[in-house]
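First up is the structure itself, then whatever we jot down about it.
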Amino acid sequence: MDAVEPALEIIDSRYRDFRFSLADVVADNTSACAFVIGPWQQPGPVDPADLALGLHVDGETVATGSSADILGHPERALEAIKRMARLHGIALPAGAVVPAGAATAAAPLTAGAEVVATVGDPGRVSVRTAGTARMPSDA
């Protein structure tokens, strides 16, 4: 691991209220459509093992968690993807961004919402949603 950074995953699920089976979420390509990353931090003085996390929408805290909620340590996500890549003969390209996983539940958003994730000392990342929102259809 060369560096770590705070990140937000943007979900665009077709399933209302995130109610789906494992087969559904695989068919929906994990419901992810984009991600936003904050400033890169060199590992070292910041140990990502147990950082306090916060998810804030329009200034209101909607979820909190810990980086320890990601497989016990977010670095385990990197080890898992490296194992799977080796198993399937896939090489991770140099400089690949590997999201570790979620440490909080997803939050529904409205048009024009400002979303901020805070992650211990590494900092924060934010994004504002587009001016128009669409709701996922019932599936």
Side-chain angles (χ1 to χ4, degrees):
M1 175 172 54
D2 294 330
V4 296
E5 75 286 336
L8 283 166
E9 176 186 7
I10 311 301
I11 297 174
D12 185 20
S13 178
R14 67 186 80 223
Y15 299 100
R16 185 174 298 280
D17 299 325
F18 303 106
R19 293 176 190 213
F20 41 74
S21 68
L22 178 59
D24 292 336
V25 79
V26 170
D28 196 29
N29 197 24
T30 71
S31 301
C33 72
F35 62 93
V36 180
I37 58 175
W40 290 96
Q41 303 288 322
Q42 296 302 314
V46 176
D47 180 2
D50 189 19
L51 298 174
L53 305 176
L55 181 61
H56 316 277
V57 177
D58 292 331
E60 178 184 337
T61 300
V62 296
T64 59
S66 165
S67 58
D69 296 332
I70 304 168
L71 300 177
H73 191 298
E75 199 165 302
R76 290 183 182 150
L78 179 59
E79 295 305 318
I81 196 167
K82 287 165 54 176
R83 251 189 335 274
M84 287 187 278
R86 278 192 306 273
L87 179 68
H88 295 286
I90 300 169
L92 289 176
V97 174
V98 179
T104 68
L109 302 176
T110 58
E114 180 186 33
V115 184
V116 176
T118 54
V119 184
D121 287 335
R124 58 183 268 140
V125 59
S126 64
V127 66
R128 183 169 295 278
T129 62
T132 58
R134 63 181 179 85
M135 293 302 294
S137 62
D138 287 326

Separation between CZ of Arg83 and CZ of Arg76, rounded to the nearest 0.5 Å: 10.5 Å

Atom pair CG (Leu109) and CZ (Arg128), whose distance is rounded to the nearest 0.5 Å: 11.5 Å

Thr118 and Leu53, any side-chain heavy atoms less than 4.5 Å apart: no

Closest approach of Ser126 to Val116 (non-hydrogen atoms, all atoms of both residues): CB-CG2, 3.8 Å

Minimal non-hydrogen separation, Ile37 against Ala7, with atom names: CG2-CB, 3.9 Å

Check: Leu8 and Leu55 side chains under 4.5 Å, non-hydrogen atoms: yes

Close side-chain approach of Glu9 and Ile11, heavy atoms under 4.5 Å: yes

From Leu92 atom CG to Ile81 atom CD1, the distance as rounded to the nearest 0.5 Å: 5.5 Å

Side chain to side chain donor-acceptor pair (under 3.5 Å) partners of residues 86-103, not counting sequence neighbours, each pair once: none

Donor-acceptor under 3.5 Å (Thr129 side chain, Gly112 main chain): yes

Least distance between heavy atoms, Pro74 atom then Ser67 atom: CD-O, 3.4 Å

Contact check, side chains of His73 and Pro48, non-hydrogen atoms, under 4.5 Å: yes

Minimum-distance pair of heavy atoms, taken over all atoms of Ile70 and Ala100: CG2-O, 3.3 Å

Check: Glu114 main-chain N/O paired with Asp58 side-chain donor or acceptor under 3.5 Å: yes

Asp50: side chain to side chain donor-acceptor pair (under 3.5 Å) partners, not counting sequence neighbours: Ser66

Connected via hydrophobic side-chain network under 4.5 Å: Val62 and Val125: yes

Pair Lys82 + Glu79: basic N to acidic O under 4.0 Å: yes

Non-hydrogen atoms of Pro6 and Val119 that approach each other most closely: CB-CG2, 3.6 Å

Any residue meeting side chain to side chain donor-acceptor pair (under 3.5 Å) with Thr61, in chain and number order, not counting sequence neighbours: His56

